[in-house]
S.K.: 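Take this structure first; my questions come after.
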Protein chains: 2
Amino acid sequence: MILTHYFPYIINRVAGELSSSESKVLAEFDLNLQAWRVLVALDEHDGQRVTDLSGVSLTEISTLSRLLDNMEERGLVEKRRARPNARSVTVHISATGRRVVEETIPEALRYQDTLLEDIDDKDLAITRQVLNQLYETALLHKW
Amino acid sequence: MILTHYFPYIINRVAGELSSSESKVLAEFDLNLQAWRVLVALDEHDGQRVTDLSGVSLTEISTLSRLLDNMEERGLVEKRRARPNARSVTVHISATGRRVVEETIPEALRYQDTLLEDIDDKDLAITRQVLNQLYETALLHKW
DNA sequence: TATTGTTATACTCTATAACTATA
DNA sequence: TATAGTTATAGAGTATAACAATA
């Protein structure tokens, strides 16, 4: 078997490169990839629970719990006991957090544009769809 | 911005799921993803240098150096001073290593087949090509 | 001095489980 | 007792740099 023909390998290889590039861009804003995903997710839909954010940020809940404390100390988010179900904690983005999102999203989009500029739109749409389908399949099976 | 429309996010999300599934399969053979990639790479082309293997296995060279020691202790590979350039160390797969590759590759291919069975062949070919192109672009820029 | 690899250290993220608060 | 989250601990990988061997 040739590794570069093996699909999971190909995906992991490019994912690693992209993560590393993204992280460098975000480091200028003192954010790691996970914190940025949390902010973007809250900017889009505020007041999500820790468990929800663990899902969207692709971060273990124990890691995320500490990360959120750190982000709260920095004034990016605020944690509140949820109502009516006070077993949950909801996380809320602050004005500072919104500002960081406003600054970083253009960078992210520029980065994405540079990355994708030579790719045919139709091919890109197909790739998106395949990747999403693979994700669903992987979740479904959970080998 | 919606995170699930952001291309680097989509790739990372599926890559994470695939790595985690693959790791579970390989755990039955007492291998992590990195060690398996090393074995498959050497099975295909034996006697590669540590630096080369760091590239194909997507592993930092300092991590890999220790991993290779561990694999050598387990009798999977052997390190030798290269000739004529003895600054390099070449890594050679053992008979045991070959056996592990023979056992694991069918598992990996079955896994890949399950993953890809519902995907149209043409779409898959396009996706492969796009992912490889993205990888090249990311390497080229190295933001 | 340059290249290749090893080792040491601190740091981050993960995995697991024990623990707390709420229902 | 079940759910949501926090905290503790150990382990795996990374990043960086100092170090050794070879050229």
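Convention: sequence-line order gives letters A, B, ...; per-chain numbering from 1.
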S.K.: Return the value, rounded to whole Å, for the distance between atom CD of B:Glu60 and atom P of D:dT16.
M.R.: 9 Å
S.K.: Output the single nucleotide from D:dT7, C:dC13, C:dG5 whose closest atom is nearest the side chain of A:Ser65.
M.R.: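 Of the options given, the side chain of A:Ser65 lies nearest D:dT7.
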S.K.: Is there a path from B:Ile2 to B:Phe7 through hydrophobic residues (I, L, V, M, F, W, Y) whose side chains come within less than 4.5 Å of each other?
M.R.: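 No.
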S.K.: For B:Asp52 and A:Gln34, take the nucleotide of DNA chain C holding the closest heavy atom to each; which residue's nucleotide lies nearer the 5' end?
M.R.: B:Asp52
S.K.: So which of residues 79-89 of chain A are in contact with DNA chain D, with a heavy-atom cut-off of under 4.0 Å?
M.R.: A:Lys79, A:Arg87, A:Ser88, A:Val89
S.K.: Yes or no on side-chain contact (heavy atoms from CB on, under 4.5 Å) for B:His92 and B:Val77, after CA distance, side-chain angles and deciding distance?
M.R.: CA-CA 5 Å; B:His92 301 260; B:Val77 299; over 6 Å; no
S.K.: Which of these nucleotides, D:dA15, C:dC13, C:dA15, is closest to any side-chain atom of A:Thr63?
M.R.: C:dC13
S.K.: Does any N or O in the side chain of B:Asn12 come within less than 3.5 Å of the main-chain N or O of B:Pro8, such that one atom is a donor and the other an acceptor?
M.R.: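 Yes, because the side chain of B:Asn12 sits within donor-acceptor range (under 3.5 Å) of the backbone of B:Pro8.
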S.K.: A:Thr127 vs B:Asp123, test: side-chain contact (heavy atoms from CB on, under 4.5 Å). Steps then yes/no.
M.R.: CA-CA 7 Å; A:Thr127 301; B:Asp123 291 352; over 6 Å; no
S.K.: Among the candidates D:dG5, D:dG13, C:dT4, find the nucleotide nearest to the side-chain atoms of B:Arg49.
M.R.: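 Of all the options, the side chain of B:Arg49 is nearest to C:dT4.
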S.K.: Do the side chains of A:Leu139 and B:Leu116 join up, straight or via other hydrophobic residues, at under 4.5 Å, putting them in one cluster?
M.R.: yes
S.K.: Where is the tightest heavy-atom contact between A:Val14 and B:Tyr135, given as atom of each residue plus distance?
M.R.: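 For A:Val14 and B:Tyr135, the tightest heavy-atom pair comes out as CG2-N, 3.8 Å.
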